[in-house]
2 protein chains.
Amino acid sequence: MTANLDRCEIRSVDPEKVELAKKRLLDDEVYAGLAETFAALADSNRAKIIYSLIGQELCVCDIACVVGVSESAVSQHLRILRTLRLVKQRKEGRMMYYSLNDDHIQTLLGVCLEHVRHG
Amino acid sequence: MTANLDRCEIRSVDPEKVELAKKRLLDDEVYAGLAETFAALADSNRAKIIYSLIGQELCVCDIACVVGVSESAVSQHLRILRTLRLVKQRKEGRMMYYSLNDDHIQTLLGVCLEHVRHG
DNA sequence: TTAATATATGCGTATTTGTTAAAATGCCAC
DNA sequence: GTGGCATTTTAACAAATACGCATATATTAA
């Protein structure tokens, strides 16, 4: 929307701040990536899945059991989390064990949990 | 889905782990809150808004200018972020200045950014 | 009145989760 | 090996709903 930009340059209250902020901006793909990752966490069941995986690995079947949804649904949730590298998998026989991919995830969940609980 | 639960108790591979994980589970509202908060971050423009607010406060007009969307759209995004206490506002005359509510937000964005960039 | 922001409403689109069924994959008995 | 069973994954489909934005109107302050 170039119209807005034009209008904005006129209307901006503090052009210096605006210029500075614009320079600091990252590539658009980065925000898209951030949004995509946050979106993967923006589901109750997926949040619950991740929470269940803190400190232990679980197979699909047991995750379904803990969270209380069908195995198919769990598998599809896990695919989303896997695609964004939030969880990793380990195959053992016909079982697939899932665990958190790294500490980022636990931190994200922990910080957000803190925010949700106490302002 | 009680049907799944029944089936699950039979099918669970490691009942002890499952029991343990179930006990550790939080109230459902917590996961809903987590999901809601993450959902607020799960939008490119909102992520960009938050990123713009790191280290400085900006008025609605300037945010619109930086991010490149209409002021109305920005205002609506800000309402979402405000509702979830991700940003706070300060009124000065007829201007409304927004800033990050606390360090949680910056941490969330920072950790997620790290994850998006390097695995 | 005008400026700055907020809210209401509507629209078109897109996305979402979950179910069912089928398909891979691996194990085991025989 | 073959057949059968268990575990997980994928595909296709449905319904619902959620989303972001624009337009217009309302609020609040100068």
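From a predicted model like this one, the values you see are computed outputs, not experimental measurements. Each chain gets a letter, A, B and so on, in the order its sequence line appears, and its residues count up from 1.
Qualifying side chain to side chain contact (heavy atoms under 4.5 Å, CB included) partners for B:Ala42, counting only residues two or more places apart in sequence or in other chains: A:Phe38, A:Ala39. A search for side chain to side chain donor-acceptor pair (under 3.5 Å) contacts involving A:Ser72 returns A:Gln76, not counting sequence neighbours. Qualifying side chain to side chain contact (heavy atoms under 4.5 Å, CB included) partners for A:Asn45, counting only residues two or more places apart in sequence or in other chains: A:Asp43, A:Val67, A:Val69, A:His77. Residues passing the side chain to side chain donor-acceptor pair (under 3.5 Å) test with B:Tyr31, sequence neighbours excluded: none. Scored by the side chain to side chain contact (heavy atoms under 4.5 Å, CB included) test, B:Thr83 finds B:Arg79 as partners (sequence neighbours excluded). By the side chain to side chain contact (heavy atoms under 4.5 Å, CB included) test, A:Glu92 is found to be paired with A:Arg90, A:Tyr97, residues two or more places apart in sequence or in another chain being considered.
Interface residues of residues 40-59 of chain A facing DNA chain D, ordered by number: A:Cys59; criterion, heavy-atom separation under 4.0 Å. Contacts between residues 76-84 of chain B and DNA chain D, defined by a heavy-atom separation below 4.0 Å, involve B:Gln76, B:His77, listed by number.
Regarding A:Gln89, its CD atom lies at a distance of 18 Å from the P atom of D:dT7, rounded to whole Å. The CD1 atom of B:Ile63 sits 14 Å away from the C1' atom of C:dA6 (whole-angstrom rounding). Per the geometry, OH belonging to A:Tyr97 stands 10 Å off P belonging to D:dT7, to the nearest Å. Whole-Å rounding puts the A:Arg90 CZ to D:dT7 P distance at 16 Å. In this structure, the CD atom of B:Glu71 is 14 Å from the P atom of D:dC21, given to the nearest Å.
The distance from atom CG of B:Asp62 to atom OG of B:Ser52, rounded to the nearest 0.5 Å, is 10.5 Å. The OG1 atom of B:Thr37 lies 11.0 Å from the NE2 atom of B:His104; values are rounded to the nearest 0.5 Å.
Put simply, the side chain of A:Leu84 does not reach to within 4.5 Å of the side chain of A:Leu41, judged on heavy atoms.
Not one N or O on the side chain of A:His115 forms a donor-acceptor pair closer than 3.5 Å with the backbone of B:Asp102. A donor-acceptor pair under 3.5 Å links the side-chain atoms of A:Arg24 to the main chain of B:Ile54, judged by distance alone. A distance-only check finds a donor-acceptor pair linking the side chain of B:Arg46 to the backbone of B:Ala40 [under 3.5 Å].
Relative to the axis of its first five pairs, the axis of the last five pairs of the helix from C:dT1-D:dA30 to C:dT16-D:dA15 sits at 30°, rounded to 10 degrees. From one end of the helix from C:dG18-D:dC13 to C:dC30-D:dG1 to the other, with five pairs defining each end axis, the axis direction shifts by 10° (rounded to 10°).
Between D:dA22 and B:Ser70, a contact under 4.0 Å exists linking OP1 or OP2 to a side-chain N or O.
A:Val60 approaches A:Tyr98 most closely through the heavy-atom pair CG2-CE1, 3.7 Å. When all heavy atoms of B:Val66 and A:Ala21 are compared, the closest pair comes out as CG2-CB, 3.7 Å.
Looking at heavy-atom distances under 4.0 Å, B:Tyr98 makes contact with sugar-phosphate atoms alone, never a base.
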Report task. Encode nucleotides 21-30 of chain C as B, S and - characters from 5' to 3', where the letter depends on protein heavy atoms closer than 4.0 Å: B to the base, S only to sugar-phosphate, - to neither. Result -> ----SBS---
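With D:dT9, C:dA6, D:dA22 as the choices, the nucleotide that has an atom nearest any side-chain atom of B:Met96 turns out to be C:dA6. Candidate nucleotides C:dT5, D:dT8, D:dC21 were compared by shortest atom distance to the side chain of B:Ala73, and D:dC21 ranks first.
Partner of A:Asn101 under the side-chain contact (heavy atoms from CB on, under 4.5 Å) criterion, chosen from A:Gln106, A:Gln89, A:Arg82, A:Arg85: A:Arg85.
The list of salt bridge (Lys or Arg N to Asp or Glu O under 4.0 Å) pairs with a residue in residues 25-39 of chain A, not counting sequence neighbours, reads A:Asp28-B:Lys48.
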